[in-house]
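Excluded from the calculations below are hydrogen atoms, water molecules and symmetry mates; all remaining heavy atoms, backbone and side chain alike, are included. Just so it is clear: chains get the letters A, B, ... in the order the sequence lines come, proteins before strands, and each one is counted from 1.
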Amino acid sequence: MDTESTYSGYSYYSGRSRGSHRHGERSRDRHKSRSKDSRSEKSVTITTPPAEPLLGDSSVRGEQVQDDNWGETTTAVTGTSEHSLSQEDIVRITKDLEDSVGLDCRRYFTLTLAVIMGLLVFLTPLAFLALPHLLWPEKLQTCGTACEGLFISVAFKLLILLLAVWALFFRPPRAGLPRVFVFRALLAVLVLLFVVSYWLFYGVRILDSQDENYQGIVQYAVSLVDALLFIHYLAIVLLELRQLQPCFSVCVARSTDGEMRHYNLGQLSIQRAALAILEHYYCDFPVHNPALLSASKSRAAKHLAGLKVYNVDGPGNNAAAASAGMAHSQSRAMIAAAARRRDTSHNELYYEEAEHERRVRKRKSRLVVAVEEAFTHIKRMQEEEQKKAPGDVMDPREAAQAIFPSMARALQKYLRTTKQQHCHSMESIQQHLAFCITNNMTPKAFLECYLTPGPTLQYSRDHWRARQWTLVSEASVTNGLKDGSTFVLRCADFSLVVTTKRIPYIQMSEEYIDPKSHKFVLRLQSETSV
Amino acid sequence: MSSFIPGQPLTAVVQRIQIQKLRQGDNLILGFSIGGGIDQDPGQNPFSDDKTDKGIYVTRITPRGPADEAGLKMGDKLMQVNGWDMTMVTHDQARKRLTKKNEDVVRLLVTRRSLEEAVKHSMGSYPRQ
């Protein structure tokens, strides 16, 4: 198991970006972005709590390593099983702990910074309006009608700004990205510069000289709020609108089983494109099932194990040159011998696959019959009957538990044959059965989620198998997508390889057809005898 | 039949056929049917090599009729009838030229593919000197 290289790569990546970007993140931060701070983190985490249950949580662990023979022993299932955690799980848990602590610190820090900036920006116009009254109230001209009208305008514009900022920025964080979000950083800097310059001007020209023209001051405050609204418009265009129009077609392929999907993305940076792709991954790709890959691995092992190379000449000359030459000639000899050998593994594969197909179909037909028969045992009670005979009445959960044993064995055998038994626990199957009974679903509808593997999101969280993703890219991840750019999204078990292609520039010309130009003639072919 | 380029002179190897009209009741008949013409659809002509050829073709020969005995074959293209050109006429004009009531003999110039090949073959058997 390649645990060492996977995690060492991850930690190297995280260490590097921590060092270089920590200073950068403190100095340039976003404004009004309390909830986006997770984007400045270095690992792409999806929004679930990062800490997995620790060793002490035995009940959950017990469920996961439960005995697979629940089909035969449905009446008495206990949670007594050993805690068997592999080395990989331990390493993963400690890594999660360490990262979650680090990430939370940074997240809270950037959150507080953003809140402070937001408050500063919101209170600035109010301060501009209030300070003259506090500092030189006697000298100030009275506020006429136009001036008071401007008060209303300031109030409403501030309210609109507040709502707009809440709508755009105050959303739950979707992920934590490796590098800071360039556009948000730019916008934060812009706003900061803007507010600072306004304060400078105010301080020099108004506070120092104690200007009496209050209407001018109010107009100054209104212009500030207007400009903030325009910056918000800029934020909408840069952050939301720019990437809506599709520009690139990306092809995402899973490295283990070749499952491939194509998506259309707009102009995004590589890290944002990776985030969009991962969100689609959880919704579209069928769940990753490592049990299905064991067959090809065993075939590969058989290929290698078939030949052994012996060196009969003995250790002779110069070690370095000879060993290089020997390795080269060894591999060539192996390839030649493999080509000459009468390889019948294709035959075995064919018959094995045919046999497997037959077996799956047989099990499936038994399963379908068992489920249909089980569903005939229960009937929904009508309203009138409910009042009349309150005898042996069951709620959906009890009804599910009542009919489950008759189909459990067939279902378990089917799941074992299709190597899906680890995806569905007995508890989840009973829950699903109760759900189907409640909603009047047919047996076929109940079975559908076991016959075809659904998207990863539909399974319970333990089976998602990846929440920490690493973005491996040759270009900097804040660069935009380009035609032909590729990157890899790696998680513990597999990786997603992404390639992009630009949608071509289309040159269209027009041709006008006069509606009167549609004329037709008969095609004649006569034959005359003379 | 040589390929036909509009506006350029047409060269073809032709055969002279003279048909005596046969009186059948009130009509003088020649014993064959024609198809084609500049007002017809040339693409549906099964006998022409070039499907844009709008000439007049012999589409049917009555067996043991006057045309059959004179040597006219199915698929022949009529180039001239009694001196009148048949390569650029409408179907009706062709019919009229063939069925003039005051003529009882028609002299046709017809061409067919086998004529060209026969000429080439005969030329080829004599070595050039």
Answer yes or no: are there more than 12 heavy-atom neighbours, outside [X] itself, under 6.0 Å from its atom [atom1]?
X	atom1	result
Glu355(A)	CD	yes
Asp26(B)	CG	no
Lys501(A)	NZ	no
Glu103(B)	CD	yes
Lys444(A)	NZ	no

To the nearest 0.5 Å, how far apart are [atom1] in [X] and [atom2] in [Y]?
X	Y	atom1	atom2	answer
Glu527(A)	Arg95(B)	CD	CZ	14.0 Å
Ser526(A)	Asp39(B)	OG	CG	7.0 Å
Gln525(A)	Asp41(B)	CD	CG	7.0 Å
Thr528(A)	Lys96(B)	OG1	NZ	12.0 Å

Heavy-atom contact with chain A under 4.5 Å, split by part of Ile34(B): both
Contact leader toward chain A among His91(B), Gln44(B), Lys21(B), where contacts are heavy-atom pairs under 4.5 Å: His91(B)
